[in-house]
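Down below is the structure, laid out as structure tokens.
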Amino acid sequence: MARANDEVAELLQELADLLSITGGEGFKIRAYEKAAKAIAGHPEDVSTLSLTALKKIPNIGDAIAKKIVDYNETGTIRQVEALRTQIPAGVRALTEIPGLGPRKALQLHQDLGIASVDELVAAIGEGRLRDLKGFGAKSEENLLRGIAVLRESGGRVLIDTATELAEEIVATLSPLALRCTCAGSLRRGKETIGDIDILAAAPSSTELMETFATLPFVTEVIARGEKKTSVRTTKGLQVDLRVVPLDSWGAALQYFTGSKEHNVAVREIAVRAGLKLSEYGLFDTGTDELVVSSTEEEVYARLGLSWVPPTLREDAGEVQAALRGELPRLVQLEDLRGDLHSHTDLTDGIASLEEMVAAAAALGYAYYAITDHAPDLVMQRMTDEKMLAQRAQIQALQASYPDLVLLHGTELNIDADGRVDWDGDFLSGFDVCVASIHSYFTEDATARLIAACENPHVNIIGHPTARRIGSRPQVEADWDEVFKACARTGTALEVDSFPSRLDLPDSLIRRALRHGVKFSIDSDAHAIVHMKNLRYGMCTAQRGWLTPDDVINTWPLDRLREFLRKGR
DNA sequence: GCCGTTTTCGGCCCGACTGTTTTCAGTCG
């Protein structure tokens, strides 16, 4: 649905970045950034909209609407193309490094001719930054650390990017195959994806391979054969298509879903049972006869294991649990009764309260919390009056939604001392309070997080590690101490579903679970389209082995309210 | 470049931190 929107948003953001590097006027740059956000979050496909319709989108005026029309006609925006000839792509890539912005990127380019991250690393190594005005020893250290964070994501893409691409491919290939689905790390719901694996079952692969290799976004065919074809896409992502006969579907799906470690553990069980497991099936080692292969369930069952949900297949205890028949009943998207963290255009969201509530109602939620930012995040310009006005608005709106209970909440800011924006009196007026870290990322966050838990009005710690995948590391904290405080005080930890956050990460969820902590899987939506991100938070939650009982927003409202009272 | 009960010009997201300075530019949320 949103492919054109995403591409337009990306081009507008690039325009903003290029203008900021060339020293463009600040308000103009911000206008492009706002427009990019508006387009990315706009529910309609912009490629189908007229100039007049485009101008009706908030933050899109005459000039930008014309640029979008330009895109719809030519597939690009001319001004972006023109600027690209002035600024090498590598210079913009430099600004991806945390702590390095447009001004310094330009300075590095102009003074030292640096036009890529690799060249910057080399220049630092040669000590060439030493003489540059505004750069010192500490800068070098910070740049290198920033580059390390950037590279940790090493060519991997976020789960939403990979999912959208994979689903498009599956949709295109499905009519040509008996079965077609994605496998690999995407099926396992990993937070970042290195390459996409697509599996198809068909009697003949010719047409599938031809269609796949000539998809519009394919830039290079890396390998092409009868059983397997690999391509690279415009996003630089590798996609592999494997075609298997229908009767080996189950074994093939199991094999190509991985993880490698999980498969090794499963194959060891097969070997001990005198069996051999490959992508073609489970075979008797003695006779080479096929035992089972058509469904994953059969393959696991024949080995004495219950079917293992793909999100658990990491050889992290799931094989032993499956052998004992003790796999958890994982939380599912359908279990969620509501969303407890979302924003409107009262702060930095782009949709109105009415629009967000209507979208939540359309999703069939039983309850839905609006949690706009609080005053300490100064740029959001929140005031007591605005918040109370919003509460009145929500109360009025409630009458129109007999099946949806609207909760008024806020996302508080945990300051350097662990305090939040309002005192207890004001906070007691909210149905739910999320509290999050938005600044001071470099200090030990343990005490701040524990102090927030001990606040009797704080119900949920929002995006607890404050990481941004590929661009900002987690805050440092003694997590076990934080988890103990959560369990002791009845404070839930959020699983923020934003694809660039997915926070808490799965490994910390499992650790927190051992302390008896409860969780809230939230969208943190700033636009209607973000509400669907819950599917990604759900993957992370499953990878953390969460069951419905662990997740407060699967609970009936009464039980949720009791939890939110926090013993008050 | 966008926007409008301050309305077609003149505002617009404000303040703090960091590392480099010797009074501040750049970056960030």
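Convention: sequence-line order gives letters A, B, ...; per-chain numbering from 1.
On the C1' atoms, dT18(B) is 27 Å away from dC12(B), given to the nearest whole Å. The C1' atoms of dT20(B) and dT27(B) are separated by 13 Å, rounded to the nearest whole Å. Atom C1' of dT21(B) sits at a distance of 12 Å from the matching atom of dG26(B), rounded to the whole Å. Nucleotides dA16(B) and dT22(B) are separated by 24 Å at their P atoms, to the nearest Å. Using C1' as the reference atom, dT6(B) and dG11(B) are 9 Å apart when rounded to the nearest Å. A distance of about 14 Å separates the C1' atoms of dT8(B) and dG1(B), rounded to the whole Å. Rounded to whole Å, the C1' atom of dC9(B) lies 39 Å from the corresponding atom of dG19(B). Taking atom P on both nucleotides, dC13(B) is separated from dC2(B) by 15 Å, rounded to a whole Å.
Of the two residues near DNA chain B, D62(A) and S439(A), the one whose nearest nucleotide lies more 5' is D62(A).
The CD1-C1' distance, from I39(A) to dC2(B), rounds to 13 Å in whole Å. Spacing between atom OH of Y32(A) and atom P of dC3(B) amounts to 13 Å, rounded to whole angstrom units. In this structure, I68(A) atom CD1 and dC2(B) atom C1' are separated by 13 Å, rounded to whole Å. A straight line from CG of L54(A) to P of dC2(B) spans 12 Å, rounded to a whole angstrom. At whole-Å resolution of the value, CG in D17(A) and C1' in dT27(B) are 14 Å apart. Taking atom CD on E96(A) and atom C1' on dC28(B), their separation rounds to 15 Å, with Å as the unit. Going from atom CG of L100(A) over to atom C1' of dT27(B) covers 10 Å, rounded to whole Å. In this structure, F441(A) places its CZ atom 17 Å from P of dT27(B), rounding to the nearest Å.
The shortest distance between side-chain heavy atoms of F441(A) and P473(A) does not fall below 4.5 Å. In this structure, the side chains of T410(A) and W422(A) come closer than 4.5 Å at one or more pairs of heavy atoms.
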Readout for nucleotides 15-21 of chain B: B = base within 4.0 Å of protein heavy atom, S = sugar-phosphate only, - = neither; 5' to 3' it is SSSSSS-

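Counting only distance, with no hydrogens or angles, the side chain of N5(A) and the backbone of I39(A) share a donor-acceptor pair below 3.5 Å. Without hydrogens or angle criteria, N413(A) side chain to D415(A) main chain gives no donor-acceptor distance under 3.5 Å. Under the 3.5 Å distance criterion, the side-chain polar atoms of S497(A) are matched with a main-chain donor or acceptor of D522(A).
A salt bridge links D480(A) with R511(A); the closest basic N to acidic carboxylate O contact falls under 4.0 Å. Between D503(A) and R467(A), none of the side-chain N atoms (NZ, or NE/NH1/NH2) sits under 4.0 Å from a carboxylate O, so this pair counts as no salt bridge. Salt-bridge formation is not detected for the pair R78(A)/E81(A): no Lys NZ or Arg NE/NH1/NH2 atom is positioned less than 4.0 Å from an Asp or Glu carboxylate oxygen.
Out of dG29(B), dG1(B), dG26(B), the shortest distance to the side chain of R472(A) is found at dG29(B). Nearest nucleotide to the side chain of R103(A), out of dC2(B), dG29(B), dT27(B): dT27(B).
Base pairing annotation: dT8(B) forms no Watson-Crick or G-U wobble pair, as no partner gives both donor-acceptor distances under 3.5 Å.
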Could you check K484(A) against E481(A) for salt bridge (Lys or Arg N to Asp or Glu O under 4.0 Å), going step by step and ending with a plain yes or no?
CA-CA 5 Å; K484(A) 276 182 212 163; E481(A) 288 305 313; 3.0 Å; yes

Apply the test ring pair (Phe, Tyr, Trp, His ring centres under 6.0 Å) to residues H341(A) and H526(A): give CA-CA distance (whole Å), side-chain angles for both, the deciding distance (0.1 Å), then the verdict.
CA-CA 10 Å; H341(A) 183 178; H526(A) 287 63; 7.3 Å; no

Please produce a list of atom pairs where a protein N or O lies less than 3.5 Å from an N or O of nucleotides 9-13 of chain B.
residue, atom, partner, partner atom, Å
dC13(B), O2, M379(A), O, 2.9

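Contacts of I60(A) with the nucleic acid, taken as non-hydrogen atoms under 4.0 Å apart, involve only primed sugar atoms and P, OP1 or OP2.
Annotation: ring-ring contact (aromatic ring centres under 6.0 Å, His included) contacts of Y401(A) (sequence neighbours excluded): none.
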